[in-house]
Amino acid sequence: MVQSSQVSPFPADEPRFERLSVFVRGLVVEAGIGVYDHEHGRLQRLTIDVTLELEPRSIERLGDTIDYETVANAALAIAEQGHVGLVETFAERLARACLADGRVRRATVRIEKPGALAAVIAPGCEIVLAR
């Protein structure tokens with residue numbers, strides 16, 4: 001048996017935090033979105049998934065983490081600001097809004113636009129922004 005000369009900073013039986021993600025899946029938002037004439041002046045359904053990576057650590061209170069409602073409210077606020085041309089633009093705005101909280105290290109936003117194409121369940125995009 002070979003023994004290592006390095007000693008781990010963690011006892012062998014002590015788990016360590018490797019990752020902490022907070023997510024919101026399947027948020028449905030009605031938004032004015034699209035570049036085509038027939039898309040202006042009406043709302044379309046977007047299905048939004050957001051995953052936020054935080055510094056991995058123990059969480060004891062709501063104030064130690066990101067409230068799911070904050071993420072949902074950010075998406076609704078973008079929709080309420082008015083028509084957005086591209087799903088990619090909406091996704092970037094939402095990712096940036098999430099990164100406004102200094103605890104967020106990485107924001108992944110995936111948006112589906114069901115009904116945008118015939119014979120397709122849902123086209124869309126995914127964007128990842130990190131500090």
Side-chain angles (χ1 to χ4, degrees):
M1 180 195 298
V2 177
Q3 291 189 355
S4 172
S5 61
Q6 287 187 330
V7 177
S8 170
F10 301 101
D13 61 344
E14 183 69 25
R16 61 180 161 53
F17 288 92
E18 289 192 1
R19 182 175 172 192
L20 173 60
S21 296
V22 172
F23 60 88
V24 173
R25 296 274 185 267
L27 173 65
V28 175
V29 173
E30 298 289 328
I33 194 155
V35 295
Y36 297 108
D37 288 342
H38 70 274
E39 295 180 298
H40 288 263
R42 68 183 185 101
L43 299 179
Q44 296 185 71
R45 176 177 290 177
L46 300 177
T47 303
I48 302 171
D49 297 334
V50 176
T51 301
L52 305 177
E53 291 184 28
L54 311 177
E55 182 168 339
R57 62 188 177 98
S58 182
I59 303 295
E60 299 292 331
R61 302 172 297 121
L62 181 58
D64 296 335
T65 189
I66 305 298
D67 188 344
Y68 313 126
E69 193 171 350
T70 302
V71 175
N73 287 341
L76 292 170
I78 293 166
E80 290 171 358
Q81 289 171 357
H83 192 89
V84 177
L86 298 170
V87 172
E88 292 83 352
T89 303
F90 194 107
E92 181 181 351
R93 288 179 186 174
L94 182 52
R96 289 185 183 282
C98 292
L99 282 168
D101 187 312
R103 296 170 295 181
V104 178
R105 300 167 97 182
R106 173 179 293 216
T108 302
V109 177
R110 177 185 177 96
I111 301 181
E112 296 179 354
K113 189 177 172 186
L117 288 175
V120 174
I121 292 173
C125 76
E126 180 173 279
I127 188 169
V128 179
L129 295 182
R131 13 182 128 261

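This is a predicted model, so every value here is computed, not measured. FYI, side chains are in, hydrogens and waters are out, and symmetry mates aren't considered; it's all heavy atoms of this structure.
In terms of heavy-atom proximity, Leu129 sits nearest to Glu92 at CD1-O, 4.1 Å. In this structure, Ala74 and Leu94 approach most closely via the heavy-atom pair CB-CD1, 3.7 Å. What you find for Val29 and Ala79 is that their closest heavy atoms are CG1-CB, 3.6 Å. The nearest pair of heavy atoms linking Glu39 to His83 is O-CE1, 3.6 Å. The heavy-atom pair separating Ala72 from Leu27 by the smallest distance is CA-CD2, 3.8 Å. Here the shortest heavy-atom pairing between Asp49 and Arg25 reads OD1-CA, 3.3 Å.
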### Query
Run the salt bridge (charged side-chain N to carboxylate O under 4.0 Å, His left out) check on Arg16 and Glu14 step by step: do they pass?
CA-CA 6 Å; Arg16 61 180 161 53; Glu14 183 69 25; over 6 Å; no
### Query
Going through the distances and angles, do Arg110 and Thr108 end up as a side-chain hydrogen bond (donor to acceptor under 3.5 Å, both in side chains)?
CA-CA 7 Å; Arg110 177 185 177 96; Thr108 302; over 6 Å; no
### Message
Checking Val22 against Tyr68 for the side chain to side chain contact (heavy atoms under 4.5 Å, CB included) test, could you report, in this order, the C-alpha distance in whole Å, the side-chain angles of both residues, the deciding distance, and whether it holds?
### Response
CA-CA 8 Å; Val22 172; Tyr68 313 126; 3.7 Å; yes
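Note on Val50 and Ile59: same hydrophobic cluster, where clusters join Ile, Leu, Val, Met, Phe, Trp and Tyr whose side-chain heavy atoms are under 4.5 Å apart, directly or indirectly.
How far CD1 of Ile127 is from CZ of Arg93: 11.5 Å, rounded to the nearest 0.5 Å. Separating the CD1 atom in Ile48 from the CG atom in Leu76 is a distance of 8.0 Å, to the nearest 0.5 Å. One finds the CG atom of Leu54 at 12.5 Å from the CZ atom of Arg106 (value rounded to the nearest 0.5 Å). To the nearest 0.5 angstrom, Ile33 atom CD1 is 6.5 Å from Ile111 atom CD1.
Under the 4.5 Å side-chain criterion, counting only non-hydrogen atoms from C-beta, Leu52 is not in contact with Arg103. Looking at Glu30 and Arg45, their side chains come closer than 4.5 Å, going by heavy atoms from C-beta outward.
Listed for the Asp64 side chain is a donor-acceptor partner under 3.5 Å among the backbone atoms of Arg61.
For Arg19, the CZ atom counts as loosely surrounded, since its 6.0 Å shell holds 12 or fewer non-hydrogen atoms of other residues, nucleotides or ligands.
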